Amino acid sequence: MQRFAKTPQIPEYHIIADKLLAEIREGLYSEDGRMPSEQVLGRRFRANRYTIRQSLDLLVLTGVLRPHQGKGYFLCEKPLDIQYTITPAMRFSDVIRRLGRRPEAKLLSRDRLAAPRDIADALGLAEGDPVYRLQILRLADDVPLSWNETWLPGLYFPELLDTVERMTSLYALLEQHYDMRLYRMQSAFRSGNPTLAEASMLQISPNTSILHIESVMRDQHGRRVELTSAKYRGDLCKVSIQFEA
(Lines give C-alpha, C1' and ligand atoms only; values in the text may rest on other atoms or scores of the structure.)
Protein backbone atom coordinates (compact mmCIF):
# COMPACT_ATOMS: atom_id res chain seq x y z
CA MET A 1 0.00 0.00 0.00
CA GLN A 2 1.08 3.54 -0.72
CA ARG A 3 0.72 6.39 1.72
CA PHE A 4 1.24 9.88 0.32
CA ALA A 5 2.31 12.64 2.64
CA LYS A 6 -0.18 15.45 2.97
CA THR A 7 1.53 18.58 1.73
CA PRO A 8 0.54 21.62 3.81
CA GLN A 9 -2.23 23.74 2.26
CA ILE A 10 -2.79 21.18 -0.55
CA PRO A 11 -5.88 19.01 -0.02
CA GLU A 12 -5.26 15.28 0.01
CA TYR A 13 -7.70 14.72 -2.85
CA HIS A 14 -5.66 17.11 -5.04
CA ILE A 15 -2.52 15.08 -4.37
CA ILE A 16 -4.29 11.82 -5.24
CA ALA A 17 -5.80 13.37 -8.36
CA ASP A 18 -2.35 14.57 -9.50
CA LYS A 19 -0.94 11.07 -9.02
CA LEU A 20 -3.79 9.48 -10.98
CA LEU A 21 -3.43 12.08 -13.74
CA ALA A 22 0.26 11.28 -14.09
CA GLU A 23 -0.55 7.57 -14.38
CA ILE A 24 -3.27 8.27 -16.96
CA ARG A 25 -0.79 10.24 -19.07
CA GLU A 26 1.63 7.32 -18.82
CA GLY A 27 -1.06 5.05 -20.31
CA LEU A 28 -1.54 2.94 -17.21
CA TYR A 29 -5.33 2.74 -17.65
CA SER A 30 -5.56 2.84 -21.42
CA GLU A 31 -6.37 -0.84 -22.03
CA ASP A 32 -10.12 -0.59 -21.38
CA GLY A 33 -10.34 3.00 -20.16
CA ARG A 34 -11.89 2.02 -16.84
CA MET A 35 -10.47 3.36 -13.60
CA PRO A 36 -10.10 1.19 -10.48
CA SER A 37 -13.08 1.28 -8.13
CA GLU A 38 -13.32 3.77 -5.28
CA GLN A 39 -12.80 0.90 -2.86
CA VAL A 40 -9.58 -0.24 -4.57
CA LEU A 41 -8.23 3.31 -4.74
CA GLY A 42 -9.18 3.89 -1.10
CA ARG A 43 -7.11 0.90 0.01
CA ARG A 44 -4.20 1.94 -2.19
CA PHE A 45 -4.03 5.53 -0.94
CA ARG A 46 -5.34 4.75 2.57
CA ALA A 47 -8.01 7.40 2.08
CA ASN A 48 -11.72 7.35 2.79
CA ARG A 49 -14.27 6.97 0.04
CA TYR A 50 -15.29 10.63 0.17
CA THR A 51 -11.71 11.77 -0.49
CA ILE A 52 -11.31 9.31 -3.37
CA ARG A 53 -14.58 10.49 -4.91
CA GLN A 54 -13.40 14.11 -4.64
CA SER A 55 -10.22 13.14 -6.53
CA LEU A 56 -12.14 11.40 -9.28
CA ASP A 57 -14.68 14.22 -9.56
CA LEU A 58 -11.83 16.71 -9.91
CA LEU A 59 -10.56 14.71 -12.90
CA VAL A 60 -14.10 14.75 -14.31
CA LEU A 61 -14.22 18.54 -14.02
CA THR A 62 -10.95 18.85 -15.90
CA GLY A 63 -12.22 16.64 -18.71
CA VAL A 64 -9.95 13.65 -18.04
CA LEU A 65 -12.58 11.22 -16.74
CA ARG A 66 -16.30 10.72 -17.27
CA PRO A 67 -18.63 9.04 -14.78
CA HIS A 68 -20.91 6.22 -15.87
CA GLN A 69 -23.74 5.56 -13.43
CA GLY A 70 -23.46 2.16 -11.85
CA LYS A 71 -20.19 1.32 -13.61
CA GLY A 72 -17.60 3.76 -12.27
CA TYR A 73 -15.25 6.22 -13.95
CA PHE A 74 -13.79 5.98 -17.44
CA LEU A 75 -11.17 7.84 -19.42
CA CYS A 76 -12.59 10.44 -21.77
CA GLU A 77 -12.27 9.55 -25.40
CA LYS A 78 -9.76 11.28 -27.62
CA PRO A 79 -10.98 14.58 -29.13
CA LEU A 80 -13.68 14.25 -31.74
CA ASP A 81 -13.10 15.65 -35.21
CA ILE A 82 -16.39 17.35 -35.94
CA GLN A 83 -16.40 18.70 -39.48
CA TYR A 84 -18.83 21.44 -40.34
CA THR A 85 -19.73 21.78 -43.98
CA ILE A 86 -21.05 25.24 -44.72
CA THR A 87 -23.14 23.95 -47.63
CA PRO A 88 -25.25 21.82 -47.64
CA ALA A 89 -26.80 21.43 -44.18
CA MET A 90 -25.00 19.59 -41.41
CA ARG A 91 -26.81 17.66 -38.67
CA PHE A 92 -25.16 16.95 -35.35
CA SER A 93 -26.61 13.44 -35.21
CA ASP A 94 -25.31 12.56 -38.69
CA VAL A 95 -21.80 13.77 -37.90
CA ILE A 96 -21.65 11.84 -34.64
CA ARG A 97 -22.90 8.63 -36.28
CA ARG A 98 -20.25 8.93 -38.99
CA LEU A 99 -17.68 9.00 -36.20
CA GLY A 100 -19.02 5.70 -34.90
CA ARG A 101 -20.59 7.31 -31.83
CA ARG A 102 -24.13 7.34 -30.47
CA PRO A 103 -25.74 10.82 -30.63
CA GLU A 104 -28.25 12.05 -28.09
CA ALA A 105 -30.12 15.32 -27.53
CA LYS A 106 -31.58 16.20 -24.13
CA LEU A 107 -34.14 18.99 -24.02
CA LEU A 108 -33.34 21.06 -20.93
CA SER A 109 -36.01 23.75 -21.29
CA ARG A 110 -38.59 25.09 -23.74
CA ASP A 111 -40.40 28.44 -23.75
CA ARG A 112 -42.65 30.60 -25.91
CA LEU A 113 -41.55 34.23 -25.66
CA ALA A 114 -41.79 37.62 -27.31
CA ALA A 115 -38.76 38.03 -29.57
CA PRO A 116 -36.05 40.35 -28.18
CA ARG A 117 -34.73 42.85 -30.72
CA ASP A 118 -31.49 40.97 -31.51
CA ILE A 119 -33.33 37.66 -32.02
CA ALA A 120 -35.97 39.35 -34.17
CA ASP A 121 -33.32 41.02 -36.33
CA ALA A 122 -31.48 37.74 -36.88
CA LEU A 123 -34.67 35.91 -37.91
CA GLY A 124 -36.19 38.73 -39.94
CA LEU A 125 -39.05 39.23 -37.48
CA ALA A 126 -40.56 42.22 -35.74
CA GLU A 127 -39.56 42.80 -32.15
CA GLY A 128 -42.14 41.13 -29.92
CA ASP A 129 -43.20 38.50 -32.46
CA PRO A 130 -43.77 35.06 -30.85
CA VAL A 131 -40.70 32.80 -30.84
CA TYR A 132 -39.74 29.53 -29.22
CA ARG A 133 -36.54 29.15 -27.20
CA LEU A 134 -35.12 25.66 -26.70
CA GLN A 135 -32.11 24.76 -24.57
CA ILE A 136 -30.58 21.47 -25.64
CA LEU A 137 -27.64 19.44 -24.36
CA ARG A 138 -26.02 17.32 -27.09
CA LEU A 139 -24.05 14.19 -26.21
CA ALA A 140 -22.05 11.43 -27.87
CA ASP A 141 -21.86 8.07 -26.08
CA ASP A 142 -23.31 9.75 -22.96
CA VAL A 143 -20.52 12.39 -22.94
CA PRO A 144 -21.77 16.01 -23.07
CA LEU A 145 -20.33 17.81 -26.11
CA SER A 146 -22.33 20.99 -26.60
CA TRP A 147 -24.94 23.22 -25.03
CA ASN A 148 -27.32 24.86 -27.52
CA GLU A 149 -29.78 27.71 -27.24
CA THR A 150 -32.09 27.63 -30.26
CA TRP A 151 -34.67 30.23 -31.35
CA LEU A 152 -37.47 29.42 -33.81
CA PRO A 153 -40.28 31.67 -35.16
CA GLY A 154 -43.65 30.76 -33.67
CA LEU A 155 -45.35 31.44 -37.00
CA TYR A 156 -43.85 28.40 -38.72
CA PHE A 157 -44.04 25.85 -35.90
CA PRO A 158 -47.53 25.59 -34.35
CA GLU A 159 -47.72 23.49 -31.18
CA LEU A 160 -43.94 23.07 -31.14
CA LEU A 161 -43.69 22.99 -27.34
CA ASP A 162 -45.81 19.84 -27.25
CA THR A 163 -44.20 18.28 -30.32
CA VAL A 164 -40.63 18.80 -29.12
CA GLU A 165 -41.09 17.26 -25.68
CA ARG A 166 -39.88 13.79 -26.69
CA MET A 167 -37.54 14.71 -29.51
CA THR A 168 -34.30 12.85 -30.20
CA SER A 169 -33.21 15.06 -33.12
CA LEU A 170 -34.54 18.58 -33.65
CA TYR A 171 -33.95 18.65 -37.41
CA ALA A 172 -35.54 15.23 -37.87
CA LEU A 173 -38.55 16.45 -35.91
CA LEU A 174 -38.86 19.63 -38.01
CA GLU A 175 -38.70 17.61 -41.20
CA GLN A 176 -41.17 14.98 -40.02
CA HIS A 177 -43.79 17.23 -38.41
CA TYR A 178 -43.43 20.46 -40.39
CA ASP A 179 -41.99 19.28 -43.73
CA MET A 180 -39.09 21.69 -43.23
CA ARG A 181 -35.47 21.09 -44.18
CA LEU A 182 -32.84 23.44 -42.79
CA TYR A 183 -29.74 24.85 -44.52
CA ARG A 184 -26.99 26.99 -43.08
CA MET A 185 -26.99 30.63 -44.15
CA GLN A 186 -24.17 31.97 -41.98
CA SER A 187 -22.10 31.12 -38.91
CA ALA A 188 -19.88 33.15 -36.60
CA PHE A 189 -17.14 31.53 -34.51
CA ARG A 190 -15.38 32.66 -31.35
CA SER A 191 -13.57 31.01 -28.47
CA GLY A 192 -14.08 31.64 -24.78
CA ASN A 193 -14.80 30.07 -21.42
CA PRO A 194 -18.09 28.68 -20.13
CA THR A 195 -20.22 30.16 -17.41
CA LEU A 196 -20.46 28.14 -14.21
CA ALA A 197 -23.84 26.79 -15.29
CA GLU A 198 -22.53 25.80 -18.74
CA ALA A 199 -19.44 24.18 -17.20
CA SER A 200 -21.64 22.14 -14.90
CA MET A 201 -23.86 20.92 -17.77
CA LEU A 202 -20.87 20.11 -19.98
CA GLN A 203 -19.00 18.47 -17.06
CA ILE A 204 -15.88 20.61 -17.51
CA SER A 205 -13.88 23.07 -15.49
CA PRO A 206 -14.81 26.76 -15.95
CA ASN A 207 -11.23 27.19 -17.19
CA THR A 208 -11.73 24.78 -20.10
CA SER A 209 -11.98 26.53 -23.44
CA ILE A 210 -15.15 26.30 -25.50
CA LEU A 211 -15.92 27.07 -29.12
CA HIS A 212 -19.00 29.27 -29.49
CA ILE A 213 -20.77 29.01 -32.87
CA GLU A 214 -23.76 31.18 -33.72
CA SER A 215 -25.65 30.14 -36.85
CA VAL A 216 -28.67 31.28 -38.84
CA MET A 217 -30.51 28.59 -40.78
CA ARG A 218 -33.06 28.89 -43.60
CA ASP A 219 -35.64 26.44 -44.87
CA GLN A 220 -36.11 25.11 -48.40
CA HIS A 221 -38.17 28.23 -49.22
CA GLY A 222 -35.43 30.65 -48.20
CA ARG A 223 -37.10 31.76 -44.95
CA ARG A 224 -34.98 32.34 -41.84
CA VAL A 225 -36.28 29.75 -39.42
CA GLU A 226 -33.59 29.10 -36.79
CA LEU A 227 -30.98 30.98 -34.79
CA THR A 228 -28.71 28.76 -32.72
CA SER A 229 -25.98 29.54 -30.22
CA ALA A 230 -23.91 26.36 -29.72
CA LYS A 231 -21.07 26.04 -27.21
CA TYR A 232 -18.75 23.08 -27.81
CA ARG A 233 -16.23 21.57 -25.41
CA GLY A 234 -12.75 22.54 -26.52
CA ASP A 235 -11.16 19.54 -24.82
CA LEU A 236 -13.12 16.95 -26.81
CA CYS A 237 -14.07 18.65 -30.06
CA LYS A 238 -12.07 19.85 -33.03
CA VAL A 239 -14.13 21.80 -35.51
CA SER A 240 -13.09 22.25 -39.12
CA ILE A 241 -14.81 23.99 -41.99
CA GLN A 242 -14.89 22.62 -45.51
CA PHE A 243 -15.66 25.09 -48.31
CA GLU A 244 -17.21 23.44 -51.33
CA ALA A 245 -16.26 24.63 -54.80
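Everything quoted here is computed from the prediction, not taken from an experiment.
Of all non-hydrogen atoms in Ile96 and Ala140, the two that sit nearest each other are CG2-CB, 3.8 Å. The nearest pair of heavy atoms linking Leu75 to Arg66 is O-NE, 3.9 Å. Between Arg224 and Leu123, the closest heavy-atom pair is CB-O, 3.7 Å. When all heavy atoms of Ile213 and Ser187 are compared, the pair lying nearest together is CG2-CB, 4.2 Å. For the residue pair Gly128 and Ala114, the shortest heavy atom distance occurs at O-CB, 3.7 Å. The two residues Ile16 and Ala47 have their closest heavy-atom pair at CD1-CB, 4.0 Å.
Using a 4.5 Å heavy-atom cutoff, the side chains of Arg138 and Pro103 are not in contact. Leu20 has its side chain within reach of Met35: a pair of non-hydrogen atoms, C-beta onward, lies under 4.5 Å apart. Proximity of Leu134 to Val164: side-chain heavy atoms (C-beta onward) are separated by under 4.5 Å at one or more points. Proximity of Thr150 to Leu227: side-chain heavy atoms (C-beta onward) are nowhere separated by under 4.5 Å. Put simply, the side chain of Tyr232 does not reach to within 4.5 Å of the side chain of His212, judged on heavy atoms. The shortest distance between side-chain heavy atoms of Leu65 and Leu56 falls below 4.5 Å. The side-chain heavy atoms of Asp219 and Arg181, taken from C-beta on, include no pair separated by under 4.5 Å. In this structure, Trp151 and Ser229 have side chains that are not in contact, with every pair of non-hydrogen atoms separated by 4.5 Å or more.
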Validation: residues 105-113 side-chain donor-acceptor distances under 3.5 Å, sequence neighbours left out:
from   : atom 1 : to     : atom 2 : distance (Å)
Ser109 : OG     : Gln135 : OE1    : 3.0
Arg110 : NE     : Leu161 : O      : 2.9
Asp111 : OD2    : Arg133 : NH2    : 3.2
Arg112 : NH1    : Tyr132 : OH     : 3.1

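Remark: the backbone N or O of Asp179 is paired with a side-chain donor or acceptor of Gln220 at under 3.5 angstrom. Judged by distance alone, with hydrogens and angles left aside, the side-chain atoms of Thr163 form a donor-acceptor pair with the main-chain N or O of Glu159 at under 3.5 Å. Side-chain atoms of Asp18 do not come within 3.5 Å of backbone N or O of Ile15 as any donor-acceptor pair.
Following chains of ILVMFWY side-chain contacts shorter than 4.5 Å, one can reach Leu59 starting from Leu28, so the two form part of one hydrophobic cluster. Linking ILVMFWY side-chain heavy atoms closer than 4.5 Å, directly or via other members, places Phe74 and Leu21 in two distinct hydrophobic clusters. The hydrophobic cluster containing Val40 does not contain Val60, counting ILVMFWY residues as joined when their side-chain heavy atoms lie under 4.5 angstrom apart, directly or transitively.
Salt bridge annotation for Arg53-Glu38: present, with a cationic side-chain nitrogen under 4.0 angstrom from a carboxylate oxygen. A salt bridge between Glu214 and Arg190 is present, with a side-chain N of the basic residue lying under 4.0 Å from a carboxylate O of the acidic one.
Side-chain atoms of Arg184 and Ser215 form a donor-acceptor pair, as typed in the model, at a separation below 3.5 Å. Donor-acceptor pairing under 3.5 Å is recorded for the side chains of Tyr29 and Glu23.
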Practice problem: Start with the C-alpha gap between Leu139 and Leu137, add the side-chain angles, then the distance that decides, and say whether side chain to side chain contact (heavy atoms under 4.5 Å, CB included) holds. | Solution: CA-CA 7 Å; Leu139 307 93; Leu137 183 66; 4.3 Å; yes

Exercise. Walk me through it: do Leu125 and Val131 pass the test side chain to side chain contact (heavy atoms under 4.5 Å, CB included)?
Key: CA-CA 9 Å; Leu125 304 174; Val131 291; 3.6 Å; yes

Exercise. Applying side chain to side chain contact (heavy atoms under 4.5 Å, CB included), run through Tyr171 and Glu226 and close with a yes or a no.
Key: CA-CA 10 Å; Tyr171 285 6; Glu226 183 194 33; 2.4 Å; yes

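The aromatic ring centroids of Tyr178 and Phe157 lie less than 6.0 Å from each other.
Counting Ile, Leu, Val, Met, Phe, Trp and Tyr side chains that sit under 4.5 Å apart, directly or through other members, Tyr13 shares a hydrophobic cluster with Leu58.
Cation-pi geometry between Arg223 and Tyr156 is met: the NZ or CZ atom falls under 6.0 Å from the ring centre, inside 45° of the normal.
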